[in-house]
Undergrad: 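Here's a structure for you.
Convention: sequence-line order gives letters A, B, ...; per-chain numbering from 1.
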Amino acid sequence: MIKLLAPPPSPHLLPVLVQRNTSMSSNGAAPSKAMGPAPVAPSGMPNVRPINSLTPYQNKWTICARVTSKSSIRTWSNSRGEGKLFSIDLLDESGEIRATAFNAECDKFFEMLEPNNVYYISVATLKTANKQFSSLKNDYEMSFNGGTQVVPCHEDNSIPAMQFDFISIEQLEKAEKNSIVDLIGVCHEYADISTVIQKSTGRELKKRDLKIIDHSKRSVNLTMWGEQAEKFDGSGCPVLAIKGARVSDFGGVSLSLIGSSTVQINPDISEAHQLKGWWESTGCNSSDVISLSNNRGGSSGGMGGGPLKTFAEAKREGLGSRDQPDFYSCKAIVTLVKKENLLYRACTSEGCNKKVTDMNNGMYRCEKCNKEIDSFSWRLMISCNLADFTESLWVTMFQDVGEIVLGSTAQEMGAMKEENPDMFLAVVSAASFKEYTFKLRVKMDTYNDESRLKTIVQSVEPVNPVEYNKRLIKEIKEMSG
DNA sequence: CCCCCCCC
């Protein structure tokens with residue numbers, strides 16, 4: 001694990017370090033509240049430098065830095081090869097830098113490096129940081145290499161704690177979509193874990209939605225993912241200090257955590273104590289809280305979701321009979337996928353997706369774009385019958401949802417229909433009798449002076465049995481109570 | 001050498 005250390009460094013390094021310590025403690029200009037003696041590299045490591053002095057042109061150095069975020073291990077596979085990696089963000093008094101460990105170094109250092117801890121790190125490959133992928137304030141980033149050494153540092157007084165650049169939730173209204181922000185808020189609501197299917201890969205993802213509020217009396221939805229979502233305990237209204245959340249425009253404004261985000265729960269910092277005080281004295285009783293995130297179309301797994309209803313309930317409540325659409329979720333079975341006209345040839349222009357006309361000369365005409373193109377893409381528009389234990393309902397499914405329910409892409413369906421019609425039919429009929437949680441949008445549709453209720457499936461998720469049983473238990477209690 | 005950060 002840790003490389004055996006070489007013999008002690010040559011003595012000429014010592015006066016340099018002593019001098020640095022002396023100058024820092026005597027001039028009284030310590031920038032950090034927790035200023036201690038400058039860290040001295042363990043024997044065998046080059047002398048310690050500030051992060052902001054590192055460049056690709058030096059190769060003998062050590063830094064002493066705090067890990068402010070740590071990704072999980074990710075694998076990749078592309079034309080240049082495949083491998084695995086994780087990355088960390090490092091902070092010292094002088095600045096910050098991202099470090100990535102690939103393959104052998106990934107295995108070697110993943111366990112040792114923990115967020116919030118301080119390490120001596122010596123020797124790595126520096127290269128120009130791609131600003132497109134990092135918000136850290138450094139022109140360079142490092143990759144660990146075969147000569148990299150990492151040693152935990154326990155005398156870390158001179159290394160600043162994680163630094164936040166908090167904005168208030170109110171300020172989020174003006175934040176740009178996809179920007180990365182730091183926030184501190186009280187988690188005053190949290191949903192259970194739910195599972196969604198990632199569109200691009202079909203992978204199941206665990207997520208948890210919660211709401212945070214601050215003294216601006218604004219509240220915003222935040223989504224956590226994966227293991228972090230599973231481990232999160234929102235009971236007792238904890239204060240969350242969040243570094244590096246991503247701003248989304250879903251439902252107005254909402255937040256999502258990403259790989260480089262870090263969350264501290266009830267951190268021992270003044271902002272957290274102040275906020276906790278505000279929440280407990282007045283905040284929790286505020287009646288004039290404004291939510292920046294509307295909950296339409298949110299998670300069906302509890303908070304923020306369209307409510308879970310049966311088809312009979314939705315009908316009885318007249319959902320979809322108003323001007324605006326209504327949203328609800330239901331647990332239902334696919335009873336029939338109508339095999340006719342479930343595919344169409346679509347325009348490939350960005351964002352168009354309209355049906356094209358086959359000109360029978362190798363060209364396809366899009367009326368909307370008013371042009372002819374020599375290719376098309378297959379798209380799905382499926383009429384499908386769903387049933388729960390109360391009723392059945394005809395719904396429409398488009399591309400992404402249809403691909404999940406059919407278990408094949410629109411492109412595959414198109415190819416099958418033309419080259420292997422039997423297989424096409426087999427895939428369509430195999431889609432029946434599977435159960436999902438559907439999120440539905442229902443609205444009155446007027447066509448040729450005739451009005452009828454139109455239901456579109458917004459998303460389809462595996463049924464979450466824990467969530468569903470909780471609902472049943474709640475209903476049983478209400479009936480008996 | 002990654003560079004995806006997800007779901008509505």
Undergrad: So A:S261, base contact, sugar-phosphate only, or nothing? Heavy-atom distance under 4.0 Å.
TA: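 Since no nucleic acid heavy atom lies under 4.0 Å of A:S261, the category is nothing.
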
Undergrad: Which listed nucleotide (B:dC8, B:dC6, B:dC2) is nearest to the side chain of A:R74?
TA: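 Selected nucleotide: B:dC2.
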
Undergrad: Can you list, by residue number, the residues of residues 252-259 of chain A that have a non-hydrogen atom closer than 4.0 angstrom to DNA chain B?
TA: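 Nucleic-acid contacts, sorted: A:S256, A:I258, A:G259.
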
Undergrad: Does A:D445 pair with A:K443 as a salt bridge, N-O distance under 4.0 Å?
TA: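 The answer is no: the pair does not qualify as a salt bridge.
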
Undergrad: Taking salt bridge (Lys or Arg N to Asp or Glu O under 4.0 Å) as the definition, give me every residue that meets it alongside A:E204, ordered by chain and number, with sequence neighbours left out.
TA: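 Salt bridge (Lys or Arg N to Asp or Glu O under 4.0 Å) list for A:E204, sorted by chain: empty.
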
Undergrad: Can you confirm whether the side chains of A:D388 and A:T310 place a donor and an acceptor under 3.5 Å from each other?
TA: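 There is no such pair between these side chains.
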
Undergrad: Starting from P on B:dC2, measure out to OH on A:Y140 and report it in whole angstrom.
TA: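 About 21 Å, once rounded to whole Å.
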
Undergrad: Between A:Q132 (CD) and B:dC2 (P), how many Å, whole number?
TA: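 It works out to 13 Å between those atoms.
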
Undergrad: Against A:I382, only a single residue in A:L343, A:V428, A:V337 fulfils side-chain contact (heavy atoms from CB on, under 4.5 Å); can you say which?
TA: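 Running side-chain contact (heavy atoms from CB on, under 4.5 Å) over A:L343, A:V428, A:V337 with A:I382 returns exactly one hit, A:V337.
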
Undergrad: Can you tell me how the ring of A:F164 sits relative to the ring of A:F166, calling it parallel under 30°, perpendicular over 60° and tilted otherwise?
TA: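 A:F164 vs A:F166 ring planes: parallel.
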
Undergrad: Need one value for A:N103: base, sugar-phosphate or nothing, where a base atom within 4.0 Å counts as base even if backbone is also close, heavy atoms only.
TA: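 The residue A:N103 makes base contact.
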
Undergrad: Is there, by distance only and without an angle test, a donor paired with an acceptor across the side chain of A:E141 and the base of B:dC2 below 3.5 Å?
TA: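 Result: at least one qualifying N/O pair found.
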
Undergrad: Would you call A:L172 and A:R218 a side-chain contact if the rule is heavy atoms closer than 4.5 Å?
TA: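 No, side chains not in contact.
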
Undergrad: Do the side-chain N or O atoms of A:R80 get closer than 4.0 angstrom to the phosphate oxygens (OP1, OP2) of B:dC2?
TA: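 Checking B:dC2 against A:R80, a side-chain N or O does come within under 4.0 Å of OP1 or OP2.
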
Undergrad: Do you know which of A:E435, A:E461, A:K309 makes side-chain contact (heavy atoms from CB on, under 4.5 Å) with A:K331?
TA: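 Of all the options given, the one that passes is A:E435.
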
Undergrad: When you check the phosphate oxygens OP1 and OP2 of B:dC2, does a side-chain N or O of A:W76 lie under 4.0 Å from one of them?
TA: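 Checking A:W76 against B:dC2: at least one side-chain N or O falls below 4.0 Å of OP1 or OP2.
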
Undergrad: What is the distance, rounded to the nearest whole Å, between atom CD1 of A:I193 and atom C1' of B:dC7?
TA: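 To the nearest whole Å, that distance equals 13 Å.
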
Undergrad: Taking the side chain of A:V196 as its heavy atoms from C-beta onward, which of B:dC2, B:dC7, B:dC8 lies nearest to it?
TA: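 Nucleotide nearest to A:V196's side chain: B:dC7.
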
Undergrad: Return the value, rounded to whole Å, for the distance between atom CG of A:D249 and atom C1' of B:dC8.
TA: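 Computing the A:D249:CG to B:dC8:C1' distance gives 12 Å.
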
Undergrad: For the pair made of CD1 in A:I180 and C1' in B:dC4, what is the distance, rounded to whole Å?
TA: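 Going from A:I180 (CD1) to B:dC4 (C1'), I get 13 Å.
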
Undergrad: Can you tell me if the side-chain N/O atoms of A:R441 get under 4.0 Å from OP1 or OP2 in B:dC8?
TA: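 No, because none of the side-chain N or O atoms of A:R441 sits under 4.0 Å from OP1 or OP2 of B:dC8.
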
Undergrad: Over all strands shown, is A:S459 touching base, sugar-phosphate only, or nothing at heavy-atom distances under 4.0 angstrom?
TA: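 If one applies the 4.0 Å heavy-atom cut-off, A:S459 turns out to touch the sugar-phosphate alone, with no base involved.
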
Undergrad: Using whole Å, what does the distance between atom C1' of nucleotide B:dC2 and atom CG of A:N130 come to?
TA: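 The distance from CG of A:N130 to C1' of B:dC2 comes to 10 Å, rounded to the nearest Å.
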
Undergrad: In whole Å, what is the span from the CD atom of A:Q458 to the P atom of B:dC8?
TA: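 Checked: the CD to P distance equals 8 Å.
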
Undergrad: Consider the side chain of A:Q198, meaning its heavy atoms from C-beta on, and name the nucleotide among B:dC8, B:dC6, B:dC2 that approaches it most closely.
TA: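 Closest nucleotide among those given: B:dC6.
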
Undergrad: Could you report the tightest heavy-atom contact between A:V253 and A:E173, atom names first, then the distance?
TA: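 Between these two residues, the closest heavy atoms are CG2-CA, 4.4 Å.
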
Undergrad: Base of B:dC7, side chain of A:K207 - is there a donor-acceptor contact under 3.5 Å?
TA: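 Counting by modelled atom types and ignoring angles, a donor-acceptor contact under 3.5 Å is found here.
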
Undergrad: Given atom CG of A:L205 and atom P of B:dC8, what is their separation to the nearest angstrom?
TA: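 For the pair A:L205 CG and B:dC8 P, the rounded distance is 11 Å.
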
Undergrad: By a 5.5 angstrom centroid cut-off and a 30 degree plane limit, is there stacking between A:F133 and B:dC2?
TA: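 Base of B:dC2: not stacked against A:F133.
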
